[in-house]
Amino acid sequence: MVQKSKLVLMLLSLVIVSFVLSGCNKDKQMLYVYNWGDYVDESILEDFEKETGIKLVYDTFATNEDMYVKIKSGGSSYDVIFPSDYMLTRMREEGMLEKIDLSQIPNVKHIDERLMSADYDPNNEYSLPYMWGTLGILYNTTMVDEEEVQSWDILWDPKYKKEILMLDSQRDSIGAALLRLGYPLNTLDPKELAEAGELLKAQKPLVLAYVVDEGKDKMVAGEAALALTWSGEAMYAIDESDDLAYSIPREGTNLWYDVMAIPKGAKNMDAALKFMDFLNRPDIALRNAEYTGYATPNLAALAMLPEEVREDRSAYPQDEDLVNAEVFVNLGKTLKDYDRIWTEVKAH
Amino acid sequence: MRRQSMMPYLAWMLLFIIVPLLLVVYYAFTIPSETGNVWSLENFTRFFEPIYLKVLWRSVYLAVLSTMICLLLGYPAAMIMVGNAFTRKSALMLLFVVPMWMNFLLRTYAWLTLLERNGFINVLLSALRLPRLNILYTNSAVILGMVYNFLPFMVLPIYSVLSKIDKDVIEAAGDLGANSLKVFMKVVFPLSLPGVVSGITMVFMPALTTFVISRLLGGGQFTLVGNLIEQQFLVVGDWGFGSAISVIMILLILLSMAIMSFFEGEESEVAPW
């Protein structure tokens, strides 16, 4: 009996050891990428592997907050991550990022100068822009009057009871409430925040569901009339269905930038820089922009896009569309209030 | 020698059960401050705010309801299985077990598509000129998801107890003049109680703590305790509050298990399979 259990133990440890070793043998270079769900043309990833021989491990997240918590808690070893502007600031201030050596990324020359050295990362020491866009309302033209979608009020209109999809993302959904109230998107005033929280609680009976990636499919399938969403998601859905349109309400919007960054302690820095360069190669950036529907910061790719896309002001808003637009900033200590309000709205 | 062969198991339990549990308890009773973590009961007092008690109440309500539905559906199903000939029996058993070979998440996603407003079920219903069913993203959808996923956990333990009941006992009851209703009430049901209790336990626990079913089929509107814990760990990063809720859940589950084992009495040797 004892003999047998010893044998089993030995076999077991052999299996475990061989598993551990198989993870780190071979000289194949690895690259661990952590991006938003459905935020890249996946054939690009295959091409990258083919061209460079680097093995790519690609994971996805649904919101900035998910991503932050996972990186912060340690244990994950990603080489390239895709935070938004405000989250980049937070991670930069908390020392969670590596500096990027721009000289290793020749294709950086294609990136729109106006999007470089933004407030969230002066001098582009820690990030490169990936995509940009707005927050708005995707609506079904057969169910909703175009005039009404020009205001955030429509998301609180009882006429659309159980026809509204909200984003399961705290800054965005609280943001929509703040915009409707006419308060700044980055408010630190607890009273304004509490009002926004109450407004979201009052809206709950009208909401069909709180979703992130599923939203666009639900809209394409005609399951809801209105969805709070990001511009690229909207473009993707509009491509799939003729009944859909996107509106940036007149009270204002959130203008956002998603960027590429390298978390502290990344083990495959070289591959990470190669990947960033690859994504900025004009032909690749073009394919990515066409697939995702988001606005590309890559001017060479932009020039190759069909004219109707470039001129589409929902996808590439002009300056006059963005007069009321605000960029999210890191909230510091007030973030805890946002967390609490969102927890309460969801629990309500 | 025997003790030595126990060592790997002990080490495993220590590393993956005891240590994580202690960590949860540690986080539950501390809050982060400028000088590191300090002891505090704040996480617990926060849970007793009305808004979170409402979440707890909603979870208990949905879990009790779906456990009851599982019992009402599962008991007759187990009886039918016991009463059938061997080949039919294994066919029925397969029907219950085969879906469990498929991933739980996948099955729940399938319901998401089936229940859509223009989904399969509604297309079918309107083709038959029946009223449409709009239950996706409601309480009913969440309960449906729970019952669907947890029903086998009710049927199998009851089946295993029922099939062990000595036929002679039932015949004896009949010979002594009991009609079939009386046989069931006085003999079969009391003898099957251990299976019922273990079925209830096995359905109630996962139903109370699920977060996937309520997230997918409830559209993120019906926050249950499981969702609250998930949100604290994965979105907000408030490990203290998340741990405190987890500790409260552990206590609640221990309590309900104590109550259950009281009912189970002495004959508690029920293997679910």
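Convention: sequence-line order gives letters A, B, ...; per-chain numbering from 1. These values consider heavy atoms only, across backbone and side chains, with no hydrogens, waters or symmetry-generated copies.
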(message) Are more than 12 heavy atoms, taken from residues, nucleotides or ligands other than A/K204, located less than 6.0 Å from that residue's NZ atom?
(response)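 Correct, the count exceeds 12.
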
(message) As an exercise: rank A/L165, A/L208, A/V207 by heavy-atom pairs under 4.5 Å with chain B and give me the winner.
(response) A/L208

(message) Looking at B/N103, I want to see if its CG is surrounded by more than 12 non-hydrogen atoms of other residues, nucleotides or ligands under 6.0 Å.
(response)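 Atom CG in B/N103 is packed in, count exceeds 12.
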
(message) Taking atom OH as the centre, does A/Y58 end up with more than 12 heavy-atom neighbours from other residues, nucleotides or ligands that are less than 6.0 angstrom away?
(response) yes

(request) State whether B/E49 and A/R340 are salt-bridged, where the test is any N-O pair (Lys NZ or Arg NE/NH1/NH2 against Asp/Glu carboxylate O) under 4.0 Å. (result)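 A salt bridge is present here (some side-chain N lies under 4.0 Å from a carboxylate O).
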
(request) Check the pair A/K218 / B/L136 against side-chain contact (heavy atoms from CB on, under 4.5 Å), numbers first and verdict last. (result) CA-CA 12 Å; A/K218 295 273 164 212; B/L136 187 58; 4.2 Å; yes

(request) Taking atom CZ of B/F104 as the centre, report whether more than 12 heavy atoms of other residues, nucleotides or ligands fall under 6.0 Å from it. (result)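 Counting neighbours around CZ of B/F104, more than 12 heavy atoms of other residues, nucleotides or ligands fall under 6.0 Å, so yes.
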
(message) So if I apply the side-chain contact (heavy atoms from CB on, under 4.5 Å) rule between B/Q232 and each of A/V69, A/D339, A/T343, which one comes out positive?
(response) A/T343

(request) Among the options B/R58, B/E116, B/K54, pick out the one with the most heavy-atom pairs lying under 4.5 Å from chain A. (result)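 Heavy-atom pairs under 4.5 Å are most numerous for B/E116.
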
(message) A quick test of your reading: do over 12 heavy atoms of other residues, nucleotides or ligands sit less than 6.0 Å from CZ of B/R215?
(response) no

(request) Side chain from CB out, backbone as N, CA, C, O: work out which of these in A/D168 comes under 4.5 Å of a heavy atom of chain B, or both, or neither. (result) side chain

(message) Between B/V55 and chain A, with a heavy-atom cut-off of 4.5 Å, which part of the residue counts as in contact: side chain, backbone, both or neither?
(response) side chain

(request) Look at B/N227, B/D238, B/L234 and state which one has the largest set of heavy-atom pairs under 4.5 Å with chain A. (result)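 Of the candidates given, the most pairs with chain A belong to B/L234.
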
(request) Could you tell me whether the side chain of A/E223 and the main chain of B/N118 form a donor-acceptor pair under 3.5 Å? (result) yes

(request) Using a cut-off of 6.0 Å, state whether more than 12 heavy atoms not belonging to B/M13 lie near its atom CE. (result)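 At most 12 heavy atoms, drawn from other residues, nucleotides or ligands, come within 6.0 Å of this atom.
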
(request) Would you please test A/K346 and B/V235 for side-chain contact (heavy atoms from CB on, under 4.5 Å) and show each step? (result) CA-CA 12 Å; A/K346 291 296 293 294; B/V235 183; over 6 Å; no

(message) Quick check against the 3.5 Å criterion: does B/Q221 have a side-chain atom that pairs as donor or acceptor with the backbone of A/Y210?
(response) no

(request) Take B/Q231 and A/W342 through the test side-chain contact (heavy atoms from CB on, under 4.5 Å) and record every step on the way to the result. (result) CA-CA 10 Å; B/Q231 192 185 24; A/W342 187 237; 3.6 Å; yes

(message) Using heavy-atom distances under 4.5 Å, tell me whether B/L112 contacts chain A through its side chain, its backbone, both, or neither.
(response)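 For B/L112, heavy atoms of backbone and side chain both lie under 4.5 Å from chain A.
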
(request) Would you mind checking which part of B/F233 comes under 4.5 Å of any heavy atom in chain A, side chain (CB onward), backbone (N, CA, C, O), both or neither? (result)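 Contact with chain A involves the backbone of B/F233 alone.
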
(message) Heavy-atom cut-off 4.5 Å, strictly under: side chain, backbone, both or neither for A/K70 against chain B?
(response) neither

(message) Other residues, nucleotides and ligands only: do more than 12 of their heavy atoms fall within 6.0 Å of NZ on A/K264?
(response)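 More than 12 heavy atoms, drawn from other residues, nucleotides or ligands, come within 6.0 Å of this atom.
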
